[in-house]
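Taking it in order: structure first as structure tokens, then the write-up.
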Amino acid sequence: MPKNKLYLIVLIACFSGYLYLFFTANYSEDGQISVCMIKNATGYPCPSCGTTRAVQAIYKGDLIGSVAFNPLGIIVSLALLILPFWIGFDLATKKRTFYVAYNKMEAILKQKKIAIPLIILVVVNWIWNIYKEL
């Protein structure tokens with residue numbers, strides 16, 4: 001994927017996340033809006049269900065509560081905080097540090113010895129979400 005396209009996609013995803021967090025925190029009755037197509041269609045949570053509440057808990061300083069909602073919230077929170085600044089740094093300095101890191105990470109994640117345990121962790125998280133009746 002070309003660098004500019006990757007940077008644009010990541011920035012749009014981050015700012016969409018900011019808008020969604022703002023909207024759910026300020027304009028929904030209970031602070032949550034169910035947009036999960038899997039949960040709405042089947043009644044069962046997907047592996048990422050609870051991530052919004054987990055991110056909101058982190059921003060309120062409740063790390064334990066965040067992990068209880070969904071451990072993926074930690075990764076999403078870090079991405080929302082770091083990636084826009086990293087891409088901004090690259091654009092300001094005309095460097096490609098994020099692009100290079102992304103490509104290296106993608107190559108690492110494609111290795112079976114890495115991908116399979118990560119897939120297992122996602123499935124375990126999914127089972128946990130179902131067990132918690134998220």
Side-chain angles (χ1 to χ4, degrees):
M1 176 182 314
K3 180 187 93 160
N4 290 340
K5 185 175 180 181
L6 173 66
Y7 284 19
L8 181 63
I9 289 170
V10 172
L11 288 174
I12 288 171
C14 285
F15 288 110
S16 297
Y18 296 142
L19 287 173
Y20 182 70
L21 285 167
F22 176 79
F23 184 77
T24 58
N26 294 302
Y27 295 105
S28 65
E29 289 179 18
D30 62 353
Q32 294 305 309
I33 298 171
S34 180
V35 295
C36 179
M37 291 186 294
I38 293 173
K39 187 171 183 176
N40 290 338
T42 67
Y44 295 103
C46 74
S48 66
C49 278
T51 302
T52 301
R53 286 175 279 181
V55 171
Q56 288 171 339
I58 285 175
Y59 291 159
K60 292 177 183 174
D62 183 10
L63 186 60
I64 303 297
S66 172
V67 172
F69 281 124
N70 194 324
L72 296 175
I74 295 170
I75 297 167
V76 172
S77 292
L78 289 172
L80 286 171
L81 289 172
I82 294 169
L83 298 183
F85 292 106
W86 192 354
I87 291 172
F89 170 80
D90 275 5
L91 294 174
T93 61
K94 297 183 181 175
K95 293 187 177 183
R96 302 164 37 108
T97 60
F98 176 73
Y99 187 69
V100 170
Y102 173 85
N103 286 323
K104 285 181 182 178
M105 185 59 69
E106 185 178 38
I108 290 168
L109 292 175
K110 285 183 178 179
Q111 297 175 23
K112 284 186 181 180
K113 66 182 180 184
I114 303 294
I116 291 172
L118 290 176
I119 290 168
I120 290 169
L121 284 173
V122 169
V123 170
V124 167
N125 189 55
W126 193 359
I127 292 167
W128 188 42
N129 279 349
I130 293 169
Y131 174 76
K132 295 184 301 187
E133 298 178 358
L134 195 59

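Not measured: the values here are computed from a predicted model.
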With a 4.5 Å heavy-atom cut-off, do D62 and I64 have their side chains touching? yes
Roughly how far, to the nearest 0.5 Å, is the SG atom of C14 from the CG atom of L19? 11.5 Å
Can you name the residues that form a ring-ring contact (aromatic ring centres under 6.0 Å, His included) with Y18, not counting sequence neighbours? F15
Review item, side-chain donor-acceptor pairs of residues 69-80, under 3.5 Å, at least two apart:
unit_1: N70; atom_1: OD1; unit_2: L72; atom_2: N; d: 2.9
unit_1: N70; atom_1: OD1; unit_2: N125; atom_2: ND2; d: 3.1
unit_1: N70; atom_1: ND2; unit_2: P47; atom_2: O; d: 2.9
unit_1: N70; atom_1: ND2; unit_2: C49; atom_2: O; d: 2.9
unit_1: S77; atom_1: OG; unit_2: G73; atom_2: O; d: 2.9

At what distance, to the nearest 0.5 angstrom, does CD1 of I38 lie from OG of S48? 7.5 Å
So does K60 have more than 12 non-hydrogen atoms from other groups sitting under 6.0 Å from NZ? no
Check whether W128 and L63 end up in the same hydrophobic cluster, where Ile, Leu, Val, Met, Phe, Trp and Tyr are linked by side-chain heavy atoms less than 4.5 Å apart. no
Listed partners of K95 passing side-chain hydrogen bond (donor to acceptor under 3.5 Å, both in side chains), at least two apart: none
Give the table of side-chain donor-acceptor pairs shorter than 3.5 Å for residues 99-121, with sequence neighbours excluded, one pair per line with atom names and distance.
unit_1: Y99; atom_1: OH; unit_2: M1; atom_2: O; d: 2.6
unit_1: N103; atom_1: ND2; unit_2: Y99; atom_2: O; d: 3.2

Grouping I, L, V, M, F, W and Y whenever their side-chain heavy atoms are under 4.5 Å apart, do L11 and I9 come out in a common cluster? yes
All N/O donor-acceptor pairs, side-chain side in residues 81-93, below 3.5 Å, sequence neighbours left out:
unit_1: W86; atom_1: NE1; unit_2: T97; atom_2: OG1; d: 2.7
unit_1: D90; atom_1: OD1; unit_2: T97; atom_2: N; d: 3.3
unit_1: D90; atom_1: OD1; unit_2: T97; atom_2: OG1; d: 2.5
unit_1: D90; atom_1: OD2; unit_2: Y7; atom_2: OH; d: 2.5
unit_1: D90; atom_1: OD2; unit_2: T97; atom_2: N; d: 3.0
unit_1: D90; atom_1: OD2; unit_2: T97; atom_2: OG1; d: 3.3
unit_1: D90; atom_1: OD2; unit_2: F98; atom_2: N; d: 2.7
unit_1: T93; atom_1: OG1; unit_2: F89; atom_2: O; d: 2.7

Roughly how far, to the nearest 0.5 Å, is the CD atom of Q56 from the OG atom of S66? 10.5 Å
